[in-house]
Amino acid sequence: MQILVPPLSQTSDTLVLVEWRKRVGEPVAKGDILFTVETDKATLEVESPGSGILQAIYAQPNDEIAVRSVIGVIAEEDAPLPPAEPRPALPARHDWIFASPRARHLARREGAALSNMRPTGPRGMIVERDVRAYLAERDA
C-alpha cells in the first residue's frame, strides 16, 4: 500500500515533512500516527491508511513534498518491496527554517527574519517566544 501525502491545505500544493513517527521495519496499524507535516498554517499529524509493516520511506524530515505524491510503502511483512516511485521534482529549499506557524505569522507581521532568531522549541524549532525575545532585543 502506498503512503500518499494528503491534501491538507487549501492554499498550497506542497507541505513540509516534519518527522516520521514510525521507522522502516516497524509494524503499523490503520489509524496510527505515521508522520507529521507542516502546512502554511498548521502542523498536522497524518494517520496510517492501513496496517502492515512500514517497508520504505521516500521522503525525509524538512523535505518539501507535493500533495498526493508517494512518500512511503506499507506492506505485509513478507511482501516484496515495490520499486520506488520518484516524487515530483520540487525547487530546492535550502533556506527552509523550522518554525511554528504562529512564530512565522508573528515574524512576518513584524518584518523580522527567522534566520536571525535562536530556536528554543522542540527539535530546534523557532516558536512564538523566540520571535518575541528577538523583537524585544531588536527594539531595545
Side-chain angles (χ1 to χ4, degrees):
M1 165 185 313
Q2 296 178 332
I3 302 169
L4 300 174
V5 179
L8 299 172
S9 171
Q10 296 178 348
T11 59
S12 179
D13 292 334
T14 62
L15 307 170
V16 174
L17 179 65
V18 175
E19 72 174 325
W20 282 96
R21 298 285 184 92
K22 299 287 185 174
R23 297 182 197 271
V24 172
E26 287 185 346
V28 177
K30 183 175 183 173
D32 283 355
I33 302 300
L34 196 53
F35 58 94
T36 306
V37 293
E38 184 176 281
T39 70
D40 54 340
K41 297 181 181 184
T43 301
L44 305 165
E45 296 175 329
V46 179
E47 295 180 355
S48 174
S51 297
I53 303 295
L54 182 58
Q55 285 197 335
I57 291 176
Y58 304 138
Q60 299 303 315
N62 296 322
D63 283 356
E64 186 172 7
I65 48 181
V67 170
R68 295 184 182 86
S69 64
V70 177
I71 62 167
V73 175
I74 297 172
E76 292 301 318
E77 192 168 353
D78 297 331
L81 184 63
E85 286 193 18
R87 293 183 291 132
L90 298 172
R93 290 288 305 258
H94 301 292
D95 61 338
W96 184 259
I97 296 174
F98 194 42
S100 73
R102 287 182 67 147
R104 285 185 188 283
H105 176 74
L106 179 59
R108 189 177 310 118
R109 189 178 75 210
E110 297 294 326
L114 291 171
S115 60
N116 294 333
M117 298 174 200
R118 190 179 62 107
T120 63
R123 296 179 304 278
M125 177 188 292
I126 295 173
V127 293
E128 184 178 10
R129 72 175 169 261
D130 302 328
V131 178
R132 292 196 183 283
Y134 171 80
L135 293 173
E137 283 182 30
R138 182 187 75 177
D139 296 340

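The basis for the numbers below is simple: all heavy atoms, side chains too, and nothing from hydrogens, waters or symmetry mates.
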Heavy-atom side-chain proximity of Phe98 to Val18 below 4.5 angstrom: yes

Min side-chain heavy-atom separation Thr120-Arg129 under 4.5 Å: yes

Counterpart residues, salt bridge (charged side-chain N to carboxylate O under 4.0 Å, His left out), relative to Arg108 (two or more places apart): none

Non-neighbouring partners of Thr43 that pass side-chain hydrogen bond (donor to acceptor under 3.5 Å, both in side chains), sequence neighbours left out: none

Interatomic distance, Ser69 atom OG to Leu15 atom CG [nearest 0.5 angstrom]: 8.5 Å

With sequence neighbours excluded, residues passing side-chain contact (heavy atoms from CB on, under 4.5 Å) with Ala133: none

Any residue meeting salt bridge (charged side-chain N to carboxylate O under 4.0 Å, His left out) with Glu45, in chain and number order, not counting sequence neighbours: Arg21

Side-chain touch Leu44/Thr36, heavy atoms, less than 4.5 angstrom: no

Salt-bridge present (Glu38, Arg104; N to O < 4.0 Å): yes

Minimum-distance pair of heavy atoms, taken over all atoms of Ile126 and Leu114: CD1-O, 3.4 Å

For the student: nearest non-hydrogen atoms of Gln55 and Ala75, plus distance: OE1-CB, 3.3 Å

Sole residue of Val70, Val16, Val37 in side-chain contact (heavy atoms from CB on, under 4.5 Å) with Ile65: Val37

Same apolar cluster (I L V M F W Y, side chains within < 4.5 Å links), Leu34/Val24: yes

Under 3.5 Å donor-acceptor, Asp130 side chain and Pro119 backbone: no

Arg138 atom CZ, over 12 foreign heavy atoms within 6.0 Å: yes

4.5 Å side-chain heavy-atom contact, Ile3 and Phe35: yes

Ile71 side chain reached by Trp20 side chain, heavy atoms, under 4.5 Å: yes

Ala113: partners by side-chain contact (heavy atoms from CB on, under 4.5 Å), with sequence neighbours left out: Ser115, Asn116

Non-hydrogen atoms of Leu106 and Arg109 that approach each other most closely: CD1-NH2, 3.0 Å

Non-neighbouring partners of Asp32 that pass salt bridge (charged side-chain N to carboxylate O under 4.0 Å, His left out), sequence neighbours left out: Lys22

For Met117 against Val131, the heavy-atom pair lying closest together: SD-CG2, 3.5 Å

Nearest heavy-atom neighbours spanning Ile74 and Pro49: CD1-CD, 4.1 Å

Nearest-0.5 Å distance that lies between atom OG1 in Thr14 and atom CD in Glu64: 3.5 Å

Exercise: identify the closest heavy-atom pair between Ala103 and Ala99: CB-CB, 4.5 Å

